[in-house]
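Notes to accompany the following structure.
For the single chain, residues carry numbers from 1 onward in sequence order. As the structure lists them, so they are numbered: ligands from 1, and atoms in each ligand from 1.
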Amino acid sequence: MRLQRALHINLDSGYYRIERIETNDILGPVDFGFREAGRNNALCFGGGAFMGSAIPGSNRLIFTGFSPCWGGFYVSTMGGAALAFDNLGVDYVALEGRARTPTVLRLLRSESEEVRVDLITVPLAEIWAQGGEGHNGFYALMRYQFERFAKDFPQPPRILAVGQAALHTDIGAIGSIPIERERLSGVDTWAGRGGLGSKLLQQHGVCGIVYGGSELVADFDDRRVVNEYFEKRYHMRLSLRDRDATTKYRYDEKLKTGGTFGVNYAKMGDKLLAFNYRSVHWPKAKREEVLKRLVHGHYLKQFNEETIDTRSFRHCGEPCPAVCKKMREEYKKDYEPYQTMGPLCGIFDQRAAERLCRAADAAGFDGIQIGGVLSWLMDLLDTGKLTPERLGLKGEASQLKPRFDPDGFDVVQDSARNAELGVKLLERVLDPNAQPTFLVGAREVAKKLGHFEDPAFIDRLIANGFGSRGWMVPNQYWVPGMLSPMPVMGKYYEYYGDDFLPPRDLGRINAERMVQELILDNLGFCRFHREWAEELGGQLVAEHFQLDTDVRAHHLNLAKRINSRNASAFWEGEGMVELLQTYLLRKRESGEKRPELGAWLDRFEAGRWDAARDFWYEIRKGVDELLGDRPAPRTTVSD
Ligand code: SF4
């Protein structure tokens, strides 16, 4: 059994205590966080069993808690941030209660001492206002904490911070910039999904956390032992296997690009999502033409010239051969935010996307959520369903309409115009005095705008629903997996391959994926190493710590417990149904021959909403067959 320690901090009183955990029921930070969320509505963070070790990708910091935007239990992760956390000498931290004024937590363990906790009140609004566009907000709070607290630590600490989105919306992220050579490295990393930054500030009164201590020897530090496992399984050393597994994220020689941005756009084919998903209604040839002209011919070309050719590759704070952070100066180019605040908002130029993404990062938004909101609002402004006055936008009317048509699109000027409008919309979303307020989430905003009178408000909002208010913009893959009724959406706790699967099968495979992804998160692994970490992670933890636990069964059980609170809501808007139907049509056009596909298309032809409802419930049945209390025997999974 592995002895674990958890630091519990009560923010009402400032009281803290250490809990010794001596049970195999808790293998990692997701187990711990799920327990604490149920007991105390706590926001928790911690590392996996291998944090601090030589295993690449094993130093992810895992945040858990009930998500303000989704409504259910959520897991959000941050690269490399468990390295400094390991020096605290605890496995997990649980935050309970609420500090009355904006507070920075300093968690410091000095040589041979227990961790010490200080709660420090800071003038948050004043700090956020420093630095000007793109350097204020989250970035200003990072600098403030670095300058004021980093010197207190014997080893470089890690610093977490939130921006204004955490105060004024339900989609604030928790961000961090690692310290390298006694400076902030400039590579920001995010636990973005789930709005846990909003939870941190609104429910716990914490705007920043600085943590670390003197170096501790990791439990699993012997590279030779790790290599033995790899030699046995793959007949090669860890470093070689890992290089192999992470090619896509570093540099793919065949595609002549790398990272999620480069590889996803290079391989996109006819699956472009642009102009708030209007592209799904275009003929295949038009999608391919726009991809070629605006993305491959400009957006991706710029990226390849500026980032790939110059090998501007960095890591997340843990020395990792994948170096997945693709940079141009201070701009980090990940696919998802540069997609939702790129083509989805009618932006196909790196300068324009950098401006908008940077403004969203400075405010500390979850990039995918806010990109989905901006493209939704732009769509409504373009069609005139929403007027600038109704939204409370200020400025010249001609500038408050996006260019939302690819025909005759000027890739530089029209992208810049859309980015400019995007920045204005960000300010509007953050305005606490404007109505409707975005504090309540986008689905509620759609209602307040009047979606019962005009369904366009909800029809054009592409988001999965949970309960009556929870919402989550899907990750940017045009596949039914991303629209599934899973208990945790917005991550990769579902199958997102492009192949057509009957929905019942899809549900079961989603559930299997959730179990695998939970293993990665609970062991603190970065999913970019999943090719080997999924196969070997469970074995490593069981054998090294001599656990008499079936690691897969443990996580299947955890997935079931999370799924027991699954309040996924059937798609509200026509846009979600269209996204599914056009996917099915695209699969038929691409030559998919499965008879089930034709049958579903016929049902959609006969009645779109009925077919969509049946499709959704079939997925849900498949999910519950594996994750319900009485799983049915697996019969027809046909992947
Ligand atoms: S793949 Fe990227 S995020 Fe993951 S550990 Fe490596 S550098 Fe960090």
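- Under the salt bridge (Lys or Arg N to Asp or Glu O under 4.0 Å) test applied with D521, the options R60, R193, K491 reduce to a single match, K491.
- Using 4.0 Å as the threshold, H529 has a heavy atom nearer than that to some atom of ligand 1.
- Among protein atoms, those of element N, O or S found less than 2.8 Å away from atom 2 (Fe) of ligand 1 are C324 SG.
- With salt bridges taken as basic N to acidic carboxylate O contacts below 4.0 Å, one links R328 and E354.
- Residue pairs meeting the salt bridge (charged side-chain N to carboxylate O under 4.0 Å, His left out) criterion with at least one member in residues 133-158, sequence neighbours excluded, are R106-D152, E133-R355.
- Between R60 and ligand 1 there is a heavy-atom distance shorter than 4.0 Å.
- Applying the salt bridge (charged side-chain N to carboxylate O under 4.0 Å, His left out) definition to pairs two or more places apart or across chains, those involving residues 26-37 are E19-R35, E36-R39.
- Between F303 and F261, the ring-plane angle classifies as tilted under the 30° and 60° cut-offs.
- Among residues two or more places apart in sequence or in another chain, the side-chain hydrogen bond (donor to acceptor under 3.5 Å, both in side chains) test is passed with D170 by W471.
- Between R513 and E534 a salt bridge is recorded (basic side-chain N to carboxylate O distance below 4.0 Å).
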